[in-house]
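See below for the structure under consideration.
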2 protein chains.
Amino acid sequence: MYQKWIKVLSTCALFNGINSDNLQGVLHCLKPKVNSYEKNEWVTAAGEKIAGLGIVLSGEVVVAQENAAGNRVIITVDGPGEMFGEMTAFLESVESPATVMARAACTVMFLPAGKVVSCCENSCASHKLMITNMLKIVSEKALVLHRKVEYLAIKSLRAKISTFLLEQHKRTGNTTFMMPLKRNELADFLNVTRPSLSREMGKLMEEGIIEFHMSSVKIKDLDSLRTMAE
Amino acid sequence: MYQKWIKVLSTCALFNGINSDNLQGVLHCLKPKVNSYEKNEWVTAAGEKIAGLGIVLSGEVVVAQENAAGNRVIITVDGPGEMFGEMTAFLESVESPATVMARAACTVMFLPAGKVVSCCENSCASHKLMITNMLKIVSEKALVLHRKVEYLAIKSLRAKISTFLLEQHKRTGNTTFMMPLKRNELADFLNVTRPSLSREMGKLMEEGIIEFHMSSVKIKDLDSLRTMAE
DNA sequence: ATAAAACGGTAACCATAGTTACCAAAAACG
DNA sequence: CGTTTTTGGTAACTATGGTTACCGTTTTAT
């Protein structure tokens, strides 16, 4: 029944250490629902009760947060094998503050939260493993938010950009790389406006600290960048 | 051996649903360490490996984050029965980005993370309950960080203050209340400077929207405040 | 009780980034 | 292909909030 997705699911952190056979059993026991969405369709709107734990099977979803002023702040982008809703799935009486939207046409599997925690007879060992995995996943998620807080707490735009570029440098191990976000998205992520971002990046180029064209960026003066990130 | 602390510990969310007798057993099995700290003493410095899960037995600790520029951003204040380190306790090879400092003289219990997850024979039922509690706790923590992100994402100082005041109003159910943070701390929390905070609060008073003297605040125009928080 | 330290308000000046609007380049679509 | 849509750079003007410094008040320590 779920054979089609076993391969993707085995890459999901929730099923870490569970082999295909056991995974089949677990799925059969969890009775997950699978839905498909078109690009830009809502998967979950803010305030709506999430149908449990979500796992992206194909395509991509954007997890974002809309504040009262209507500005959308991107939290993460999830692709195949990645999860969302892990923050609220185990908390009763908490409506999710996040919104989930299909960034591309996608298929999503929903796991009922209650079944994830309670062991059943046929595959209790796997269930226990799942719980341990879940604990790590949620901890990890908290840490991601923690880093998000770090970004938002940076006061100057220049320092935000510098920090972001240094992180890309560290990630790719290269001084030339492609930006993983478009200008608009980066501006959202750093919580500034796009023209301000463009202006500041222009200045960094003028000063010979970086060079860029569209999404490709080259760091020319790593030390200056480090100083400015503080 | 841990009798002295049973009462406090039973208020800790980690031991929710575990009665005193079982708690004694669990503690005996977990073999926690108890340390005392003086006011302003470091409990855990940034980057240091946390000794596991921390539970405040008496006094208060401040969990904060120091960014590269040296600005301290308060994450939470934990009192008796409250925990810290729950974010990193279950993640190997992750150094904690947070710092923990004694806000007042305090006593702290540390639980080895590994023992929390793995069942032992004598009190397996209680251990299982602990794991479920832990899952809820970490989820809750993630949600708190999520709210923190919401605050930081607010762009104008006026809206930040309005949001904060509205939250106090909601919390106390009263239009007159005591601020739980000093000006410096509030400025830290909202990620702005103290003079700017004072200036803006002064303006709000001038406009007849609020009234305040030191830490006591009275909301005079709730609707305006709501509009400004957006 | 008194000195010292911490806290909080204020004001002038300045730097940073938001706003708006316009245009060019690139990508998507038929 | 050519057209439409999306994306991104730029510039003038404005608003917001940071900086610094000073001073009175409140709290803490001795």
Side-chain angles (χ1 to χ4, degrees), chain A residues 38-40 62 67 69-74 103-105 151-165 178-207 210-217 228-230, chain B residues 38-40 62 67 69-74 101 103-105 151-164 178-207 210-217 228-230:
Chain A
E38 283 164 34
K39 181 177 174 178
N40 292 333
V62 180
N67 65 17
N71 303 316
R72 228 185 61 186
V73 180
I74 295 178
R103 196 199 201 195
Y151 261 108
L152 290 175
I154 297 173
K155 282 180 182 160
S156 82
L157 174 48
R158 180 163 274 236
K160 285 185 188 197
I161 297 171
S162 301
T163 305
F164 186 84
L165 293 178
M178 289 302 189
M179 297 286 261
L181 298 172
K182 299 179 183 178
R183 288 292 184 280
N184 247 326
E185 294 173 330
L186 182 55
D188 260 13
F189 178 73
L190 300 179
N191 203 35
V192 297
T193 60
R194 187 192 53 75
S196 297
L197 174 60
S198 275
R199 183 208 292 146
E200 201 61 35
M201 284 186 68
K203 281 189 197 168
L204 286 171
M205 178 131 77
E206 254 179 38
E207 293 169 31
I210 62 172
E211 237 173 43
F212 68 92
H213 180 68
M214 293 288 114
S215 66
S216 96
V217 175
M228 292 180 319
E230 273 176 313
Chain B
E38 283 164 34
K39 182 176 176 179
N40 293 333
V62 180
N67 64 17
N71 303 318
R72 227 184 63 185
V73 181
I74 295 178
M101 187 188 252
R103 196 197 201 194
Y151 261 109
L152 290 177
I154 296 173
K155 281 179 181 158
S156 82
L157 174 49
R158 181 163 272 237
K160 285 185 189 198
I161 297 172
S162 301
T163 305
F164 186 84
M178 288 302 188
M179 296 286 261
L181 298 172
K182 299 179 183 179
R183 288 292 184 282
N184 247 326
E185 294 174 330
L186 181 55
D188 259 14
F189 178 74
L190 301 180
N191 203 34
V192 297
T193 61
R194 187 191 50 75
S196 297
L197 174 60
S198 276
R199 184 209 290 147
E200 199 62 36
M201 284 185 67
K203 281 188 197 166
L204 286 171
M205 179 132 77
E206 254 178 38
E207 293 168 30
I210 63 171
E211 237 173 45
F212 68 91
H213 180 70
M214 293 288 116
S215 65
S216 95
V217 174
M228 291 180 318
E230 270 173 315

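Remember, predicted model here, so these are calculated numbers, not experimental data. All heavy atoms count here, side chains included; hydrogens, waters and symmetry mates do not.
Taken from CG in A:Asn191 to CG in A:Leu152, the straight-line distance is 5.5 Å, to the nearest 0.5 Å.
Counting only heavy atoms from C-beta on, B:Met214 has its side chain closest to C:dG8 among C:dG8, D:dG17, C:dG18. In the set D:dT20, C:dA26, C:dA17, the nucleotide with an atom closest to the side chain of B:Pro195 is D:dT20. Listed nucleotides: D:dG8, C:dA17, C:dG18. Nearest to the side chain of A:Thr193: C:dG18. When the nucleotides C:dA17, C:dG8, D:dG17 are ranked by their closest atom to the side chain of B:Glu200, D:dG17 comes out on top. The side chain of B:Lys182 approaches C:dC7 more closely than any other nucleotide in the set C:dC7, D:dG9, C:dG9.
Between the CG atom of A:Leu197 and the C1' atom of C:dA17 there is a distance of 11 Å, given to the nearest Å. For the pair B:Asn184 CG and C:dA5 P, the interatomic distance rounds to 17 Å; values are reported in whole Å. Put simply, NZ on B:Lys155 is 12 Å from P on C:dA17, counting in whole angstrom units. If you take CZ of B:Arg103 and P of C:dA6, they are 16 Å apart, rounded to a whole angstrom. Rounded to a whole Å, the CG atom of A:Leu186 is 11 Å from the P atom of D:dG9. Across the protein-nucleic acid pair, A:Ile210 atom CD1 and D:dG9 atom P stand 10 Å apart, rounded to whole Å. Computed from coordinates, the A:Glu206 CD to D:dA11 P distance equals 9 Å when rounded to whole Å. D:dG17 atom C1' lies 13 Å from atom CG of B:Leu190, rounded to whole Å.
Residues B:Arg103 and B:Lys39 are not in side-chain contact: their nearest non-hydrogen atoms beyond the backbone lie 4.5 Å or more apart. Two residues are said to be in side-chain contact when any heavy atoms from C-beta on lie closer than 4.5 Å; A:Ser196 and A:Arg199 meet this criterion. Looking at B:Val192 and B:Glu200, their side chains never come closer than 4.5 Å, going by heavy atoms from C-beta outward.
Residue B:Arg199 places no side-chain atom within donor-acceptor reach of the base of C:dG8, judged by atom type and a 3.5 Å distance cut-off alone.
The main-chain N or O of A:Leu186 is never found under 3.5 Å from a side-chain atom of A:Arg194 such that the two would form a donor-acceptor pair.
For A:Ser196, no side-chain nitrogen or oxygen approaches OP1 or OP2 of C:dA17 to under 4.0 Å. OP1 or OP2 of C:dA26 has at least one side-chain nitrogen or oxygen of A:His213 nearer than 4.0 Å. For the pair B:Arg194 and C:dC7, the criterion of a side-chain N or O lying under 4.0 Å from OP1 or OP2 is not met.
Counting non-hydrogen atoms under 4.0 angstrom, B:Met201 reaches nothing in the nucleic acid.
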